[in-house]
Amino acid sequence: MRILLIHSDHLKYQTKSKTRIAEKIDEEKKKGEYENALVVFTAVEKEDEKDSEATVENAVKEIVDVAGKVKAENIVIYPYAHLSSSLGSPNVAKEILSNMEAKLAEMETPVSRVPFGWYKSFEVSCKGHPLSELSRSITSESTPSAEEKGEEGEDEDSEAEESQFYIWNEGELLDPDEFSYQNEDLKKLVDYELGRGESTGEEPPHVKLMREKKLADYEPSADIGHLRWYPKGRLIRDLLADYVYTLVTDRGAMPVETPIMYDLADDAIRVHAEKFGERQYRMSGGKKDLMLRYACCFGAFRVLSDSFLTWKNLPVGIYELSTYSFRLEKKGEVVGLKRLRGFTMPDLHTVCADMEQSLHEFEDQIEMCKKTGEDLDVNYEVILRATADFMEENREWIDHAAAMIGKPVLLEILPERKHYWTCKMDFAAIDYLGRPIENPTIQIDVESGERFDITYIDPEEQEHHPIILHCSPTGSIERVICSLLEKSALEMKEKPPMLPLWLSPTQVRIIPIAERHIEFARNLAEELRDAHIRVDVDDRPETVGKKIRNAGGEWASFVIVIGDRELEGDELTVNVRETGQKVSMGIQELIDVINLETKGMPFRPLPLPITLSKRVNF
RNA sequence: GCCUUAGUGGCUCAGCCGGUAGAGCGAUACCUUGGUAAGGUAUAGGCCGGGGGUUCGAAUCCCCCCUAAGGCUCCA
């Protein structure tokens with residue numbers, strides 16, 4: 001239980017409208033006013049349900065103590081869900097709050113309780129003396145730990161033990177402080193994870209790039225952290241989506257599409273949603289309390305729980321690209337493509353019969369995540385996290401999984417399971433400022449099978465709850481683009497910044513010198529276009545120098561100038577961005593070079609007018 | 001969400017101890033028909049983020065809000 005104690009000159013409240021979990025109240029309780037009151041804002045948490053009596057007792061003790069010290073004439077219990085990210089069920093909460101009221105009523109100070117489950121307006125005027133603002137964590141066991149000044153924000157949820165970190169290197173667990181890093185990126189990741197990252201106070205370069213290259217931009221008329229995507233950005237998103245789709249379906253996963261919002265009246269949904277605390281969008285739709293999904297788990301689990309699964313089906317993967325997932329990240333945390341409130345995440349859920357099968361699938365997914373790093377040409381550093389129990393039971397497998405990375409990895413051992421997973425692997429790219437961008441992830445979920453009542457039938461016709469792997473083989477699409485842009489910014493000193501050829505919006509830019517060359521240029525463009533190459537023609541009446549410069553600014557991978565010489569001969573002079581060289585080749589040779597380099601990668605045609613003179617300047 | 005800083009044509013910014021706006025790029029038009037990273041001339045384009053206040057008068061001073069950047073915190 002979390003409580004916030006405010007010693008106030010006065011408190012006024014007025015009920016406005018009911019929520020679904022509202023308690024029934026008499027007319028007189030619909031508003032209230034108290035002078036010199038100790039207002040106890042209270043959030044009942046899940047763990048209070050275990051031993052509610054002891055929790056009530058400890059809370060009452062604490063409240064009486066404070067009320068005595070500040071000489072309050074009234075005590076008002078005010079239900080306040082926002083203090084906790086792990087709320088108890090409404091019914092238990094109502095009971096606990098009533099019990100607190102009853103217990104306090106035995107004391108001298110008059111006690112009141114504000115109705116539960118109503119939207120209320122309220123006015124509280126804090127006295128402002130040193131003891132007038134206090135917060136406490138109440139548990140069933142200990143006497144509450146004193147946190148004298150609520151505003152200091154030092155509310156460490158009495159986390160019993162901290163995680164231990166090691167560098168896993170060829171089977172050995174080494175102290176991260178003493179390890180000699182061959183790899184700068186790993187060092188940066190470790191520094192960041194252990195909270196010693198130093199910041200330079202700069203803006204991450206991808207933010208400027210995403211706007212400058214007309215990929216995406218902020219949309220001030222939406223909520224913070226929701227972007228608008230221009231055609232080039234949209235193209236890259238679509239190509240990445242195509243890429244992941246093929247990647248996972250080639251490995252047998254089945255694509256589905258599920259709703260983006262869910263009814264909190266469903267217990268499994270509610271409990272899973274509450275794992276995310278206050279960081280979610282809530283909305284009311286008619287009479288329902290709804291939440292916007294923060295991942296595809298909700299839809300996937302509902303599909304799976306309504307499916308009839310047998311051991312013969314397993315392992316089985318359900319895939320969805322969540323356009324969009326919603327997370328109500330704190331304002332100050334939202335930045336560029338790195339951290340958004342609305343983002344797109346490839347989300348694969350794999351149902352596994354047992355731990356053995358899930359470990360086997362996990363290995364396949366490690367291979368898949370590694371492959372995305374290669375295909376996207378992004379370096380990942382890896383963090384393997386496991387609970388102490390998991391570590392103990394699967395020490396050999398941990399070694400095996402870490403060894404698959406082929407370089408040292410950071411290993412975090414958590415004393416207890418805090419979330420639904422017992423083991424996870426996170427792949428992070430390192431940005432321009434040396435901070436990790438968490439991209440692919442694999443998790444072993446041991447809770448959701450039961451919570452969502454997902455079952456399968458074993459060969460003996462017994463029902464079991466499966467283990468479920470969560471995997472995002474690339475991480476969010478936005479973060480992939482973020483990593484690519486950050487990487488290009490990092491390399492800018494050594495070579496011109498660019499995207500991988502298969503993602504480059506303009507693969508070939510053709511520049512006719514004079515008007516009489518435009519027709520030839522267009523014909524050439526059509527030939528390239530028919531060979532599945534994204535090509536455009538800068539037909540604007542500008543100088544060649546200027547058009548070359550613009551092509552560079554747009555990161556065109558290859559640039560061809562067309563003049564009288566090209567009209568006569570078969571050879572083209574091709575400017576290759578990657579090397580900065582001018583190469584003479586025929587058209588077929590250019591097609592071959594591009595096809596070779598983009599082999600196996602998805603293709604989509606240019607979603608813009610082929611001539612620059614027709615193009616909108618976003 | 002908290003602390004700090006910022007918001008002026010599409011973009012980058014100047015003006016800011018009060019007297020109602022300026023440049024470069026971009027855009028448009030015309031001239032130039034050009035050979036590898038900015039050709040020339042002209043024109044248009046601004047409720048100076050929004051709202052309130054002080055003042056004869058506010059882009060400029062004060063308050064509130066919105067948005068952004070950095071830091072804190074956090075990312076299942």
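So you know, we letter chains A, B, ... as the sequences are listed, proteins then strands, and number each from 1. Here the structure is a predicted model, which means the values were calculated and not measured.
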Task: Base rC75(B) paired with Arg279(A) side chain (donor-acceptor, <3.5 Å) - done: no
TODO: May I ask you to check whether Asp347(A) and Ser472(A) show a side-chain donor-acceptor distance below 3.5 Å?
DONE: no
Open item on the list: Mind checking if Val544(A) touches a base, just sugar-phosphate, or nothing, with heavy atoms under 4.0 Å?
Closed with: sugar-phosphate
Pick out the pairs of N or O atoms, protein on one side and nucleotides 39-43 of chain B on the other, that lie under 3.5 Å.
unit_1  : atom_1 : unit_2    : atom_2 : d
rG39(B) : OP1    : Thr543(A) : OG1    : 3.1
rG39(B) : OP2    : Thr543(A) : OG1    : 3.2

Open item on the list: With hydrogens left out and only the distance checked, is there a donor-acceptor pair under 3.5 Å joining Arg479(A)'s side chain and the base of rC75(B)?
Closed with: yes
- [ ] Look at all strands and tell whether Phe618(A) reaches a base, only sugar-phosphate, or nothing, counting heavy atoms closer than 4.0 Å.
- [x] nothing
Task: Stretch residues 290-297 of chain A: residues that reach within less than 4.0 Å of RNA chain B through a heavy atom - done: none
TODO: May I ask you to say what Glu515(A) touches in the nucleic acid, namely base, sugar-phosphate or nothing, with a heavy-atom cut-off under 4.0 Å?
DONE: base
- [ ] Can you sort out the partners of Met391(A) under side-chain contact (heavy atoms from CB on, under 4.5 Å), two or more places apart, ordered by chain and number?
- [x] Leu173(A), Arg395(A), Ile398(A), Leu411(A), Ile413(A)
Open item on the list: When you measure only distances, ignoring hydrogens and angles, does the side chain of Glu566(A) come within 3.5 Å of the base of rG35(B) through a donor and an acceptor?
Closed with: yes
Open item on the list: For Tyr80(A) and Tyr78(A), take the angle between the two ring planes, folded into 0 to 90°, and tell me which bin it lands in: parallel under 30, tilted 30 to 60, perpendicular over 60.
Closed with: perpendicular
Open item on the list: Under 3.5 Å for both donor-acceptor distances, Watson-Crick or wobble: does rC75(B) have a partner, and if so which one?
Closed with: none
